[in-house]
Amino acid sequence: MDNQQKRNLTFLTIGLIFMLSGIEYAVILPTIWRYLQIMEAPPYFLGLGLSAFSLSGLLTGPLFGLWSDRSKTTKTIILFSNLFEIVGNFLYFLGYSKWLLLGSRLVAGVGAGAGSSIFSFLTRSTRPDERAGIFAAIMACRQAGLLVGPAFNLFLRLCDFKLGPFVVNKYTSPGIFMCLLWVLLQFVVMAMYWDVPPLSSEGDAVMLEIKREENDEEEVPLMGSDDEPVHTYRAVNSDQSDASASSDMQPVHGPLSAPNPFKNFSASREFLREEVVVLLTAQFITLFNQTALETMVTPLTQRHFSFGELGNSLMYGLCGVEVILGFFFVRWLSRRVEDRAVLGLGLIICCTACIWCLVFLCDPRGGYEWELTAFIIGVFLQLLGLPFVAVSQVSLFSKVTAEKTQGFSQGVRRSVGGLATILGPLWAGGLTNNLYVMLGMMLALLIMITVMTVLSYDRLTEPRAVQSAQSCDSGGAADRQTD
């Protein structure tokens, strides 16, 4: 099996991982509140249970990222992190007490922290020009999981039997169901996942030999013989680049020893740069607004439209279809438009959606039909902008941060997102009857990040050094094909 086949199977496995995370969310969310009520848990336990998963991922994401940066492998990390998903969901199935239920979500959330390692792997094994499209496809897989998850609930709610000493009913069955799915995924990862090298590594080795033959002087290639970058380009100032050049250079002859990726690493220099701050802010605001809207929409539909379980399920299903189509549209668009332009377009759509909701949803008038139409348009616009912002900011973040510490950087990015998913529901939960305040704050945040994006637009691009290197790679590949 060649590297291209291994690469395709690995990407397919990553898609399955993200799909399972979406299924887990969609299967557990509808039943966890009633499950907690059976355990005589107070109302605030629902917020704790939903936030516990995000909290674990927030704390463990950078740690898994550090591991992947040092080892340059992700397969072992994924197999290890999935064990937490298996144990966490089994504890959810046991459900002896409200505290065990809370602990189960904390344990399962540890497994979600491996996402930073996965995005690090995708960054290292994809070309920048194809990266946004692959990120879009991976994110669409999670949305597909959210879409098909409710279908599994149709038969899980019919469960009513005993498995030895354990009771299997509509509240405990999601735990054992997800436990079995994560166990099956372990075998899929072992059989179909490889830590494949970047596609360009072999070509770079050939280019090195050609250049050595053409020139009588020693030249420094872009990549070493062991698929390890000998010089990592990054979006830093010239004085910083000069200072770190010697530490980034590695010998080109013989096998490369694994250097410490965090040698001379400075978190302040890496994450307090203008473009990185803008992208981390976009990550926070996007997820804050998304989770706030998810919290607000169910009480709103119940109060104004009398939606029950069927109506809400249909609504979420249609929303999932729209988001999936949006991700695939962004996948197509990213091949033709720069990431920063996609980000700007997404922010404009999100601002338009928030203004629409402020005008037409906070004080609805005009009868049931008009109110429902205004609500549908508002939700449609909100979801339309989500894929544009989500994909573009992840792709840009992978390009403006150092590749050698990409795992840790992605962990920090996902931790910022995890914090947003904790604060978003807390903010919206207390303001479901005061939409002017809730939506007004969301619009203010969107306007702020839009202004930041406009002011930093010139810096939201791939470093020129990397672009030049890619041009050389493309030219060398074309010459080899001609020969």
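- A salt bridge does not link D129 to K399: none of the charged side-chain nitrogens sits closer than 4.0 Å to a carboxylate oxygen.
- With rounding to the nearest 0.5 Å, the separation of NZ in K98 from CD1 in I38 is 14.5 Å.
- Other residues, nucleotides and ligands contribute at most 12 non-hydrogen atoms within 6.0 Å of the CE atom of M441.
- Considering CD1 of I349 and CZ of F380, their distance stands at 9.0 Å, rounded to 0.5 Å.
- Looking only at side-chain heavy atoms (C-beta outward), I118 and F18 come within less than 4.5 Å of each other.
- Remark: R414 fails to qualify as a cation-pi partner of F119 under the 6.0 Å distance and 45° angle criteria applied to the six-membered ring.
- Contact annotation: the side chain of T76 never approaches that of S71 to less than 4.5 Å [non-hydrogen atoms, C-beta and beyond].
- In terms of modelled atom types and a separation under 3.5 Å, the side chain of S415 and the main chain of L58 share a donor-acceptor contact.
- Checking side-chain atoms of W356 against main-chain N and O of A374 turns up a donor-acceptor pair under 3.5 Å.
- Summarising the geometry, atom CZ belonging to R273 is positioned 10.0 Å from atom CG belonging to L279; distances are rounded to the nearest 0.5 Å.
- Of the possible polar contacts, none joining the T172 side chain to the F93 backbone as a donor-acceptor pair under 3.5 Å is found.
- With R142 contributing its side chain and M19 its backbone, the two residues share no donor-acceptor pair below 3.5 Å.
- Atom NZ of K170 sits in a sparse spot, with 12 or fewer heavy atoms from other residues, nucleotides or ligands closer than 6.0 Å.
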(request) Kindly indicate, with the supporting measurements, whether the criterion side chain to side chain contact (heavy atoms under 4.5 Å, CB included) is fulfilled by L101 and Y96. (result) CA-CA 8 Å; L101 227 59; Y96 287 121; over 6 Å; no
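- Under the 4.5 Å side-chain criterion, counting only non-hydrogen atoms from C-beta, S120 is in contact with D69.
- Between the side chain of R331 and the main chain of F135, no donor-acceptor pair closer than 3.5 Å is present.
- Counting only distance, with no hydrogens or angles, the side chain of S456 and the backbone of R459 share no donor-acceptor pair below 3.5 Å.
- With values rounded to the nearest 0.5 angstrom, R131 atom CZ is found 8.5 Å from S125 atom OG.
- Proximity of a side-chain donor or acceptor of Y35 to a complementary backbone N or O of Y92 within less than 3.5 Å is detected.
- The CG atom of L180 sits 9.5 Å away from atom CD1 of I86, with the distance rounded to the nearest 0.5 Å.
- The closest donor-acceptor contact from the side chain of S104 to the backbone of L91 lies at 3.5 Å or more, if one exists at all.
- No donor-acceptor distance shorter than 3.5 angstrom exists from the side chain of Q410 to the backbone of G407, with no hydrogens or angles considered.
- Y368 places a side-chain heavy atom less than 4.5 Å from the side chain of L372.
- A 6.0 Å sphere centred on CH2 of W370 holds more than 12 heavy atoms belonging to other residues, nucleotides or ligands.
- For E403 (side chain) and R124 (main-chain N/O), no donor-acceptor pair under 3.5 Å exists by modelled atom type.
- Looking at E24 and R105, a side-chain N of the basic residue comes within less than 4.0 Å of a carboxylate O on the acidic one, giving a salt bridge.
- Relative ring orientation between F121 and Y193 is described as tilted, the plane-to-plane angle lying within the 30° to 60° band.
- Atoms CZ and CD1, on F388 and I348 in that order, are 11.0 Å from each other to the nearest 0.5 Å.
- Classification of the F155-F177 ring pair by plane angle, with boundaries at 30° and 60°, yields perpendicular.
- Taking 4.5 Å as the limit, every side-chain heavy atom of Q143 sits out of range of all side-chain heavy atoms of V321.
- The only member of S395, S392, S398 that meets side-chain hydrogen bond (donor to acceptor under 3.5 Å, both in side chains) when paired with D339 is S395.
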